[in-house]
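Notes follow the structure.
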Amino acid sequence: MANEKKLVQDITPMGEDFAQWYTDIIKKAQLVEYSGVKGCMVIQPYGYAIWENIQKEMDRRFKETGVENVYMPMFIPESLLQREKDHVAGFAPEVAWVTHGGNEKLPERLCVRPTSETLFCEHYANIVQSYRDLPKLYNQWCSVVRWEKTTRPFLRHMEFLWQEGHTAHATQEEAQKRTIQMLNLYADFCETELAIPVVKGQKTDKEKFAGAEKTYTIESLMHDGKALQSGTSHNFGDGFAKAFDIKYLDENNELTYVHQTSWGMSTRIIGAIIMVHGDDAGLKLPPRIAPIQAVIIPVAQHKEGVLERANELKEQLSKKFRVKIDDSDKSPGWKFSEYEMRGVPIRIEIGPKDIEKNQAVIVSRVDREKSFVSLDNIEEEVAKSLEKIQAQMLEAAQKNRDEKTSVAHNYDEFKQLVAEKGGFVKAMWCGDEACELKIKEETTATSRCIPFEQETLSDTCVCCGKPASKMVYWGKAY
RNA sequence: CGGGAUGUAGCGCAGCUUGGUAGCGUACUUCGUUCGGGACGAAGGGGCCGCAGGUUCAAAUCCUGUCAUCCCGACCA
């Protein structure tokens, strides 16, 4: 359709004010509502349904690799949190403390979990005795609390939902293998299910997780050129095992420390879905996780037989797809715009003219392209259309990311790219944290990751000019 | 936590300069006509103006404080 005019009022155009566009969409599409609790948001049914679909598929993938779900307490005694030095230093500034039970002051205060490494470690120390007990591949779906200074829907809540996987292995090799396996799982999940292309790589020491030996990340790029860390996977080596005394007897009857990993993805990823795919008409949800994959809009529904046929169609399609029918007495035009704004991948129009011809009209959210399909093979047509949309969305996101990825050969070029173009800037780095700090200080860009796919852009660090062997993705981030 | 902005009906806003007890658009309810890209008419319902103090005969309006939200930094998934 050539009709490009803005149908939905009150959504600030992206180009005008991206941040406002983001909040407008979240409010208009009813994903999140602010609550009376500072920094905590109400995730509304439509937003939560996206999370449920993400959970369902991710959980399936975890279990396929042998992971089991567990549930840990939400409180951590202060003494337990203190056990690993780097870990507590990293999280202490942002934990919430419980000091009273009823009217009585607690002998030891409890923190509300900001993450559960310490609890898993304590548990593993209890249950791991022999190499036969390993590996332990646990995951939990829960919420965690971090006392953030500022919050934004999905991107930063004081309490947020996530999954945290925690594994214990006999050897460092095995732990490393699992760390990378989960990173790859996240990356594949993002690309296949969410149509979000990611860059896989390792975090620099400055950016790595508190207590980790190595932190890996998948980084995605939003429509405004800012990066978003979309999932992480850490290898702890035996650092936590030593702090928590997690030992097992190996085949040679020798006491050995376990090697651990942890990995997580949060509701923040929903923010990525919005910012990677959305446009000025509203949300655009990847078919695979869209709560409603197809909405049926009866046209001239007061005419005889229309609603009946539309409902039949709904029944038929519901066996294979997530389908909604809107038979409210709003005008068809209103419904068209509404479901576009809410990101529903396809709309099916069915009216008297269609019924006469035994057809329906399928309209894609991606390009508003209309196709007339016979009711006899509509299931196949819907399936085909959803698949096509999923592919188109990934392609568009890839194109956007590629266009916003550039190479800086020297510092002037680097500064200019970060300031004027944004996006990912690829540049060589000497490995010295001082350069990272200087770059952040002067450009506000941070090192996003040292990608697995390395290129040699030059022999010298873009910042200090000393010899460099690592190519790094830099960018402003959420 | 620093700098800036904004809080008036579900949402978007006007009114504030010059105090006199609240209005517009949209959404909502009912009825009728409509229905293939946000339909039209008529009649209704809804707000002690973020909150708490103060000044005043009188405060949405002036003053102080506080809270929340947004933007830019710092911190972080």
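Chain A is the first sequence line, chain B the second, and so forth, proteins listed ahead of strands; every chain is numbered from 1. Bear in mind the structure is a predicted one, so any value in this text is a computation, not a measurement.
Nearest nucleotide to the A/Val361 side chain, out of B/A77, B/G73, B/G36: B/G36. Across B/C28, B/C35, B/A77, the shortest atom-to-atom separation from the side chain of A/Phe160 is found for B/A77. Among B/C70, B/G36, B/A77, the nucleotide with an atom closest to any side-chain atom of A/Ser266 is B/A77. Counting only heavy atoms from C-beta on, A/Phe336 has its side chain closest to B/G36 among B/A39, B/G36, B/C71. Nearest to the side chain of A/Arg152, among B/C28, B/A74, B/C71, sits B/C71. Distance from the side chain of A/Lys27 is smallest for B/C11 among the nucleotides B/A74, B/C71, B/C11. Of the listed nucleotides (B/C35, B/C70, B/A74), B/C35 has the atom at the smallest distance from the side chain of A/Ala300. The listed nucleotides are B/C35, B/C70, B/A77; the one nearest the side chain of A/Gln229 is B/A77.
If you check every strand for non-hydrogen atoms under 4.0 Å, A/Lys353 touches a base. Here A/Val144 lies out of heavy-atom contact (under 4.0 Å) with every strand. Using a 4.0 Å heavy-atom criterion, one finds that A/Asp354 contacts the bases of the nucleic acid, with or without backbone contacts as well. A/Thr232 comes within 4.0 angstrom of no nucleic acid atom, judged by non-hydrogen atoms across all strands. Within the nucleic acid shown, A/Pro352 comes within 4.0 Å of at least one base atom, counting heavy atoms only. Among the protein residues, A/Gly264 comes within range of no part of the nucleic acid, since none of its heavy atoms lies under 4.0 Å from any strand. Residue A/Thr217 is out of contact with every strand shown, counting any heavy-atom pair closer than 4.0 Å. At the heavy-atom level, A/Gly271 lies nowhere under 4.0 Å from the strands shown. At a threshold of 4.0 angstrom between heavy atoms, the contacts of A/Lys440 are confined to the sugar-phosphate backbone, with no base atom among them. Among the heavy atoms of the strands, none lies under 4.0 Å from A/His234.
Summarising the geometry, the separation between CD on A/Gln20 and C1' on B/C71 is reported as 9 Å, rounded to the nearest angstrom. In this entry the distance linking CG of A/Asp17 with C1' of B/A5 reads 12 Å, nearest Å. The distance from atom CD of A/Glu219 to atom C1' of B/A77 is 11 Å, rounded to the nearest whole Å. Atom CE in A/Met222 sits about 16 Å away from atom P in B/A77, given to the nearest Å. Distance A/Gln301 CD to B/U33 P: 15 Å, rounded to the nearest Å. Taking atom NZ of residue A/Lys28 and atom P of nucleotide B/G12, one finds them 10 Å apart after rounding to whole Å. Rounded to a whole Å, the CD atom of A/Glu148 is 12 Å from the C1' atom of B/A74. In this entry the distance linking CG of A/Asp329 with P of B/C31 reads 10 Å, nearest Å.
Closest-nucleotide positions on RNA chain B for A/Phe209 and A/Lys149 were compared, and the one nearer the 5' end corresponds to A/Lys149. Position along RNA chain B of the nearest nucleotide to A/Gly90 versus A/Pro332 favours A/Pro332 as the more 5'-ward residue.
Across the strands present, B/U18 finds no partner; the criterion is a Watson-Crick or G-U wobble pair with both atom distances under 3.5 angstrom. The partner of B/U26, taking Watson-Crick or G-U wobble pairs whose two distances both stay under 3.5 Å, is B/G10. A 3.5 Å limit on both hydrogen-bonding distances identifies no Watson-Crick or G-U partner for B/A77. Remark: B/A52 base-pairs with B/U64; criterion is Watson-Crick or G-U wobble with both hydrogen-bond distances under 3.5 Å. When both distances must be under 3.5 Å, the Watson-Crick or G-U wobble mate of B/A59 does not exist. The partner of B/C31 is B/G41, by the rule that a Watson-Crick or G-U pair needs both atom distances under 3.5 Å. Base pairing annotation: B/A5 forms a Watson-Crick or G-U wobble pair with B/U69, both donor-acceptor distances under 3.5 Å.
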**Report entry** Stepwise side chain to side chain donor-acceptor pair (under 3.5 Å) check, A/Glu379 with A/Gln316
**Finding:** CA-CA 8 Å; A/Glu379 287 176 31; A/Gln316 182 192 353; 2.9 Å; yes

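A/Gln202 and A/Thr215 share no side-chain donor-acceptor pair at under 3.5 Å. A donor and an acceptor atom, one from each side chain of A/Thr167 and A/Thr261, are located under 3.5 Å apart.
Using atom C1' as the reference point in both B/C28 and B/A59, the two lie 31 Å apart (nearest Å). With both ends at atom C1', the span from B/U8 to B/A60 equals 7 Å, rounded to whole Å. Spacing of P atoms, B/U30 relative to B/A14, comes out at 32 Å, to the nearest Å. B/A39 and B/U34: their P atoms are spaced 16 Å apart (whole Å). Annotation: B/A22 and B/G3 have their C1' atoms spaced 35 Å apart (nearest Å). Separation of the C1' atoms belonging to B/U17 and B/G41 is 40 Å when rounded to the nearest angstrom. With P as the reference atom, B/C70 and B/C62 are 25 Å apart, rounded to whole Å. Rounded to the nearest Å, the gap between the P atom of B/G19 and that of B/U61 is 12 Å.
Note: A/Tyr48 OH to A/Gln55 CD = 5.0 Å, rounded to the nearest 0.5 Å.
Under the 30°/60° scheme for interplanar angles, the aromatic rings of A/Tyr124 and A/Tyr138 are found to be tilted.
Considering only heavy atoms from C-beta on, A/Asn358 comes within 4.5 Å of A/Ser374 through its side chain. Considering only heavy atoms from C-beta on, A/Trp147 stays 4.5 Å or farther from A/Trp97 through its side chain. Side-chain contact between A/His277 and A/Leu285 is absent, with no heavy atoms from C-beta onward closer than 4.5 Å.
Interface remark: the A/Ser331 side chain does not form any donor-acceptor pair with the B/A39 base, using a distance-only criterion of under 3.5 Å.
Residues satisfying the ring pair (Phe, Tyr, Trp, His ring centres under 6.0 Å) criterion with A/Phe160, sequence neighbours excluded, are A/Trp162.
Stacking between A/Trp162 and B/A77 is absent: the ring centroid is not both under 5.5 Å from the six-membered base ring centre and under 30° in plane angle.
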